[in-house]
Number of protein chains: 2
Amino acid sequence: MNMMDNTNGGEASATRATYLSLRDMILTGELPAGEKLKIEQLRRMLDTGASPVREALSLLTSDMLVERIDQRGFRAAPASLANFEEILMLRCTLEDMALRQSIVRATSEWEERLVLSHHRMKRVVDTATFEDAHKDFHMTLLGNAASPMLERYCSQLYDLNIRYRNLAAGGANYQRRDIAFEHEEILDAAVRRDANAASAALLSHYRLTGAYLTTQLSGL
Amino acid sequence: MNMMDNTNGGEASATRATYLSLRDMILTGELPAGEKLKIEQLRRMLDTGASPVREALSLLTSDMLVERIDQRGFRAAPASLANFEEILMLRCTLEDMALRQSIVRATSEWEERLVLSHHRMKRVVDTATFEDAHKDFHMTLLGNAASPMLERYCSQLYDLNIRYRNLAAGGANYQRRDIAFEHEEILDAAVRRDANAASAALLSHYRLTGAYLTTQLSGL
DNA sequence: GTTTTTTAAAATATCGATATTTATTGACAT
DNA sequence: ATGTCAATAAATATCGATATTTTAAAAAAC
């Protein structure tokens, strides 16, 4: 969302720090889906005031990670198989559109960013930073579409999907070898500007992990 | 004692009342696109505290009606022709999907809600309540898709579009006769469960007004 | 033995004051 | 003139305290 572009190296506001912490806690499942989020409890946990917590929670509403009910506080967005499937469907539709637009507007400069991002993702070993690199690769792929809203939706949906991945496996490494190959397929197709192939590879990538996750999540 | 002097007759919280007011002020253009939104100024204007204003603004971020820059406050989302065209594109894609899903899941109960909503929209004369009825009709159309996120996106995009319509004409009545016919076309196709015809009619409806608005908005 | 009402506790929402940060102004040097 | 830099003004962000509402528990009524 629109707080993300704060690359300022100095001290961020308490609200922003709180926003990032809470976001991470929800994505990783440290704050379980559907859980009541009590201001006082979070305030202590993060050692900050009530105002930053409230404001951070209000902002997380944008990302559909938190639900707000008037006069009844906040809760972590609930998770369900139906919700996961909806996310998957929307991702496929919107990322297909974004990727095709990106490719239409392809330049060698974008191509280079893409190759670089892919390279960085491949070389990472640490699981924690892999997630960042992986998102960066996917967003670079879509980032040439010159459609800020579309990109925002895709980024949002990406994060929501990550949440389900964590929910399913606790971050288990589910055959990264296949996934590396799939990434190369997408990259190659994008670089040679073959929109149909790139889109097919991307969507297949999502649907494969989607099918895997669906089996894991049957207990929702 | 504080709630006694609350001029709104309803039961909602100050934050919610503020949210609704600000939302309306942005959609109607009373708060112009791109305008700096100063807490103190709004606080006085709406006769409430700073906390409800901040929280309402944070919530409006979800709707892409307000932008927040850390430590630099809030501003009404800027408007541009490119942004309008992006909204139009996303609407066409997402509403097409939602409408088709709605029709797949069609029931006589939905059919009845649709006819009723259409009837109410037709009979309204007052411009202000027409807007509500119009949105209700469009959302009923999509509301049978059983996709909460998709519906949320569509509702968001609908509002953003309204904003541009107000921006373009100050609410001028641009040939309502044609529009009434277009609505009947959509309704008829939906009721006879012809997804292709319904979608075509809906998208044509959007693209026609889109083209009209684009000419009006050339000064952005 | 339920259902309703009352009371007490917890949590949310809001206010008013203050601390931080950003924006503006005007003197001064180049 | 123009650009830098301090001093000042303005605005944002945050805190701590309080009011309001909701939730839970206990008591009373049917």
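Below, all heavy atoms of this structure are taken into account, side chains as well, without hydrogens, waters or symmetry copies. Please read these numbers as outputs of a predicted model, since none were measured by experiment. Every chain is numbered from 1 and lettered A, B, ... according to where its sequence line falls, protein lines coming before strand lines.
- The CD-P distance, from E55(A) to dA13(C), rounds to 14 Å in whole Å.
- The ring pair (Phe, Tyr, Trp, His ring centres under 6.0 Å) pairs that include a residue from residues 28-66 of chain B number zero, where partners must be two or more places apart or lie in different chains.
- Atom CG in L57(B) sits roughly 14 Å away from atom P in dT14(C) (whole-Å rounding).
- Remark: R105(B) engages no residue in a salt bridge (charged side-chain N to carboxylate O under 4.0 Å, His left out) (not counting sequence neighbours).
- Computed from coordinates, the E35(A) CD to dA11(C) C1' distance equals 15 Å when rounded to whole Å.
- Residues satisfying the salt bridge (charged side-chain N to carboxylate O under 4.0 Å, His left out) test with R113(B), not counting sequence neighbours, are E109(B).
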Between the protein and nucleotides 8-12 of chain D, list every N/O to N/O distance that falls short of 3.5 Å.
{"residue": "dA11(D)", "atom": "OP1", "partner": "K38(B)", "partner atom": "NZ", "Å": "3.1"}
{"residue": "dT12(D)", "atom": "OP1", "partner": "K36(B)", "partner atom": "NZ", "Å": "3.3"}
{"residue": "dT12(D)", "atom": "OP2", "partner": "I39(B)", "partner atom": "N", "Å": "3.3"}

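- Rounded to a whole Å, the OH atom of Y19(B) is 15 Å from the P atom of dA13(C).
- Of all non-hydrogen atoms in E131(B) and Y158(B), the two that sit nearest each other are O-OH, 4.1 Å.
- The phosphate of dT14(D) has OP1 or OP2 within less than 4.0 Å of a side-chain N or O from T15(A).
- The ring-ring contact (aromatic ring centres under 6.0 Å, His included) check on F74(A) picks up nothing, with sequence neighbours excluded.
- For the OP1/OP2 pair of dC15(D) and a distance below 4.0 Å, the side-chain nitrogens and oxygens of S51(B) include no atom meeting the criterion.
- Computed from coordinates, the R44(A) CZ to dA10(C) C1' distance equals 12 Å when rounded to whole Å.
- L42(B) has its CG atom 13 Å from the P atom of dA13(D), to the nearest Å.
- The side-chain hydrogen bond (donor to acceptor under 3.5 Å, both in side chains) analysis of residues 45-55 of chain A, with sequence neighbours excluded, yields the pairs R54(A)-E55(B), E55(A)-R54(B), E55(A)-R68(B).
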